[in-house]
Asker: 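Quick one: the structure is below, and I'll ask about it shortly.
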Amino acid sequence: MTGTGTTTRLTEVLAAARAENRAALVGYLPAGYPSVEGSAAAMRAMVEGGCDIIEVGLPYSDPQMDGPVIQRAVEHALAHGTNTHHVIDNVRAVAETGAATLVMSYWNPIERYGVERFASELAAAGGSGVITPDLIPDEAHEWIAATDRQHLDRIFLVALSSSDERIGYTTRHCGGFVYAASVMGVTGARASVSSLAGDLVARTRKTTDLPICVGLGVSTAAQAAEVAAYADGVIVGSAFVRALLDAPNEQAGLDAVRALAADLAEGVRKR
Amino acid sequence: MSSTAQQPDASGHFGVFGGRFLPEALIAALDELTAAYEKAKNDPQFQAEFAGLLRDYAGRPSIITEAPRFAEHAGGARIILKREDLNHTGSHKINNVLGQAILTKRMGKTRVIAETGAGQHGVATATACALLGLDCVVYMGELDTQRQALNVARMRVLGAEVIPVAIGSRTLKDAINEALRDWVANVDNTHYLLGTAAGAHPFPAMVRDFVKVISVEARQQVLDLTGKLPDAVCACVGGGSNAIGAFHAFIPDESVRLYGFEAGGDGVETGRHAASITGGSIGVLHGARTYLLQDEYGQTKESHSISAGLDYPAVGPEHAWLHQSGRAIYRPIDDAPAMEAFRLLCRTEGIIPAIESAHALAGAIEVGRELGPDATILVNLSGRGDKDMHTAAKYFDLLDAEAEQS
């Protein structure tokens with residue numbers, strides 16, 4: 001659906017992973033944790049470790065979809081003055097590596113910044129698209145128009161609770177991939193990945209040819225391999241944030257996220 | 001001015017306001033709730049059960065009381081109080097809570113979650129859950145649990161679990177975030193009993209319908225007493241449920257001016273206030289497009305008010321629409337005039353109002369002076385002030401040093 005024939009880096013990366021008969025690895029970190037420069041360095045380390053796609057989180061004061069780990073990092077980022085300009089800067093720093101680079105943002109910061117302005121600055125920085133966890137296509141008229149103009153992929157979410165009709169409606173408005181939320185709940189590592197996620201992916205496949213990436217709760221290589229068996233991409237967030245939060249210093253944090261990415265990258269190749 | 005009769009539209013929009021800005025995971029629950037509510041609205045059995053509880057449990061209809069000694073300070077206008085303070089649990093909150101609690105049972109859900117700021121909505125929710133045998137969990141900002149310790153005890157006495165929220169500003173907005181996180185994880189058996197006419201569709205319309213009994217009663221009561229409609233209706237506005245309840249039946253009456261008084265805190269110009277419409281801008285928070293307090297990057301700003309119940313950085317979307325359409329007028333009332341009106345009503349009429357409601361009283365003083373002695377003004381006295389004694393005692397320096405320490 002997205003754009004007018006222009007293929008984003010995101011689409012290329014997902015196609016390449018598919019050609020290698022593996023799932024893509026998607027890693028998330030909020031911009032501004034531990035600092036704006038520090039988050040850029042950590043995201044680049046994640047690419048070095050094997051992440052194919054990076055989600056740059058836009059820190060928001062009211063992160064309703066996020067569990068305590070991401071809340072803590074985001075609170076720190078905001079307290080230290082991280083703003084939308086810094087997010088765009090992080091996107092530029094990551095996109096330079098060749099990784100597909102996305103923004104993950106709640107809706108109000110985008111609306112406040114200016115929908116058109118945000119889309120055009122993101123595209124200029126080399127971003128491929130945006131994940132909007134609290135924006136459903138029903139409310140997205142202006143966003144759809146702006147992302148079409150800027151050839152950005154719009155990634156909406158489908159959930160275990162979504163009816164088949166809503167899944168179809170949502171995927172018709174997606175580009176790049178469809179984000180399948182594997183559990184009913186907030187972000188955060190879980191002991192096991194919900195067995196219901198496979199069913200959601202199967203229901204979603206009936207409505208679209210787009211790749212489907214699964215997120216929420218994945219933190220280990222074994223879980224990544226399990227999800228990679230049926231999904232086109234595995235999204236890991238809180239585990240990366242946790243690795244940074246637990247690190248005694250910035251260098252140790254970079255080493256930790258790089259190592260975690262390498263471990264997970266092996267997982268997505270064991271489908 | 002177009003009529004509000006058809007508001008909101010089928011997708012929950014009041015003009016450009018309202019809608020649904022929540023994760024897809026919650027859309028099915030919102031759809032289920034909308035369907036259940038639409039069915040209940042037209043079901044005589046539901047309406048009879050709701051009306052029965054309002055009458056036999058909450059104590060409705062609430063009376064109106066004329067306030068002549070108070071009115072001397074309001075330009076001599078005739079002031080009539082709608083006594084929501086006399087409802088069971090002491091405020092208008094019980095109306096909405098009873099409606100949603102019955103609906104929860106009809107949906108086959110067994111667990112209720114709620115957010116609370118001052119604790120009034122939490123207490124009302126705990127009350128309804130005790131009455132109807134529902135499990136009850138109330139999220140409350142850690143800061144508020146300390147400021148309103150007595151209400152925490154009231155909720156626990158009624159059998160509710162109170163969970164302090166220690167993230168963000170540790171106040172009402174963070175309690176709402178935490179309730180939403182609980183809801184998405186437990187939506188199968190859980191209803192989120194939102195306490196004000198805000199949030200995602202269908203909450204603003206549903207809550208309004210459960211509280212509109214305030215204006216339906218008051219309109220007839222004022223007609224019976226004075227033989228005509230009031231010239232103005234005054235209400236305080238935080239999230240806006242008591243105000244929308246007080247306005248609703250009067251919206252088609254074009255001669256009736258509608259005034260919503262927001263919490264001006266230290267003054268809108270100081271930045272320390274909770275006046276979303278008069279001191280905020282349009283954005284999205286907690287599921288709806290509305291007016292809110294935000295910085296240039298869309299981060300929610302903390303609100304400030306001496307009244308915990310008005311201390312919220314956004315407002316229900318129907319108020320945003322009534323403001324934009326010009327049907328209602330919104331003004332800020334700072335802490336100082338609100339507290340002066342609080343004292344005045346206590347001393348002139350022997351009624352201790354909630355500090356929230358005192359904002360409406362202070363507004364009525366302004367409006368009375370503007371409209372003059374021929375005007376009749378209906379003021380929604382949304383709650384009683386017992387819960388505010390600690391704040392009032394501190395503000396007016398009423399306690400002996402010894403008592404203050406105990």
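Order of the sequence lines fixes the chain letters, A, B, ..., with proteins taken first and strands second; residue numbering starts at 1 for each chain.
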Asker: Return the option, out of Asn83(A), Thr84(A), Val186(A), Asp62(A), with the maximum number of heavy-atom pairs under 4.5 Å with chain B.
Answerer: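 Of Asn83(A), Thr84(A), Val186(A), Asp62(A), Asp62(A) has the most heavy-atom pairs under 4.5 Å with chain B.
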Asker: Aromatic contact between His173(A) and Tyr169(A), with the criterion being ring centroids under 6.0 Å apart: yes or no?
Answerer: yes
Asker: Residues of residues 67-75 of chain A under 4.5 Å from chain B (heavy atom pairs)?
Answerer: Gln71(A), Glu75(A)
Asker: Please name all residues satisfying ring-ring contact (aromatic ring centres under 6.0 Å, His included) with Tyr60(A), sequence neighbours left out, ordered by chain then number.
Answerer: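 With neighbours one apart ignored, the set is Tyr106(A).
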Asker: So which part of Thr170(A) gets closer than 4.5 Å to some heavy atom of chain B, the side chain, the backbone, both or neither?
Answerer: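 Side chain only.
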Asker: Against chain B, label Glu111(A) side chain, backbone, both or neither, depending on which of its atoms sit under 4.5 Å from a heavy atom there.
Answerer: side chain
Asker: With only heavy atoms counted, which part of Val183(A) is less than 4.5 Å from chain B, the side chain, the backbone, both or neither?
Answerer: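 Neither part; nothing is under 4.5 Å.
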Asker: Heavy-atom cut-off 4.5 Å, strictly under: side chain, backbone, both or neither for Leu292(B) against chain A?
Answerer: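 Only the side chain of Leu292(B) comes within 4.5 Å of chain A.
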Asker: Checking side-chain hydrogen bond (donor to acceptor under 3.5 Å, both in side chains) for the pair His85(A)/Tyr297(B): CA distance, chi angles, key distance, verdict?
Answerer: CA-CA 9 Å; His85(A) 303 292; Tyr297(B) 296 107; 3.1 Å; yes
Asker: Under the criterion side-chain hydrogen bond (donor to acceptor under 3.5 Å, both in side chains), I'd like the reasoning laid out for Glu139(A) against His13(B): C-alpha separation, chi angles, the key distance, then a yes or no.
Answerer: CA-CA 10 Å; Glu139(A) 301 283 357; His13(B) 295 91; 2.9 Å; yes
Asker: Not counting sequence neighbours, which residues clear side chain to side chain contact (heavy atoms under 4.5 Å, CB included) with Ser182(A)? List them please.
Answerer: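 If we apply the side chain to side chain contact (heavy atoms under 4.5 Å, CB included) test to Ser182(A), skipping adjacent residues, the hits are Ala197(A), Val214(A), Leu216(A).
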Asker: Using a 3.5 Å distance criterion without hydrogens, assess whether the side chain of Glu262(B) forms a donor-acceptor pair with backbone atoms of Ser276(B).
Answerer: yes
Asker: Please work out whether the ring planes of Trp183(B) and Phe203(B) are parallel, tilted or perpendicular, with thresholds of 30° and 60°.
Answerer: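 Perpendicular: the ring planes of Trp183(B) and Phe203(B) meet at over 60°.
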Asker: Residues two or more places apart in sequence or in another chain: which of them pass side chain to side chain contact (heavy atoms under 4.5 Å, CB included) with Pro202(B)?
Answerer: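 Pro202(B) satisfies side chain to side chain contact (heavy atoms under 4.5 Å, CB included) with Arg20(B), Leu30(B), Leu33(B), Thr34(B) once adjacent residues are dropped.
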Asker: Pick from Ile282(B), Asp295(B), Val184(B): which one has the most heavy-atom pairs with chain A under 4.5 Å?
Answerer: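 The candidate making the most pairs under 4.5 Å is Val184(B).
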Asker: Select one option (side chain, backbone, both, neither) describing which atoms of Gln294(B) are under 4.5 Å from chain A's heavy atoms.
Answerer: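 For Gln294(B), heavy atoms of backbone and side chain both lie under 4.5 Å from chain A.
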Asker: Name the option with the most non-hydrogen atom pairs under 4.5 Å to chain B; the candidates are Ser161(A), Ser61(A), Ala159(A), Gly114(A).
Answerer: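 Of Ser161(A), Ser61(A), Ala159(A), Gly114(A), Ser61(A) has the most heavy-atom pairs under 4.5 Å with chain B.
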Asker: Based on non-hydrogen pairs under 4.5 Å, which of Ala140(A), Pro137(A), Pro63(A), Pro59(A) is most in contact with chain B?
Answerer: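 Ranked by contacts with chain B, first place is Pro63(A).
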Asker: Stepwise, does the side-chain contact (heavy atoms from CB on, under 4.5 Å) test hold for Leu194(B) with His286(B)?
Answerer: CA-CA 11 Å; Leu194(B) 189 69; His286(B) 292 146; over 6 Å; no
Asker: Chain B heavy atoms under 4.5 Å from Leu58(A): which part of the residue, side chain, backbone, both or neither?
Answerer: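 The side chain, not the backbone.
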Asker: Step through it carefully: locate the ring centre of His76(A), locate the ring centre of His80(A), and say whether they are under 6.0 Å apart.
Answerer: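 Yes, the ring of His76(A) comes within the 6.0 Å limit of the ring of His80(A), centre to centre.
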Asker: Could you tell me whether Tyr330(B) and Tyr291(B) have their ring centroids closer than 6.0 angstrom?
Answerer: no
Asker: Quick check on Ile27(B) against chain A: is it the side chain, the backbone, both or neither that has a heavy atom closer than 4.5 Å?
Answerer: side chain
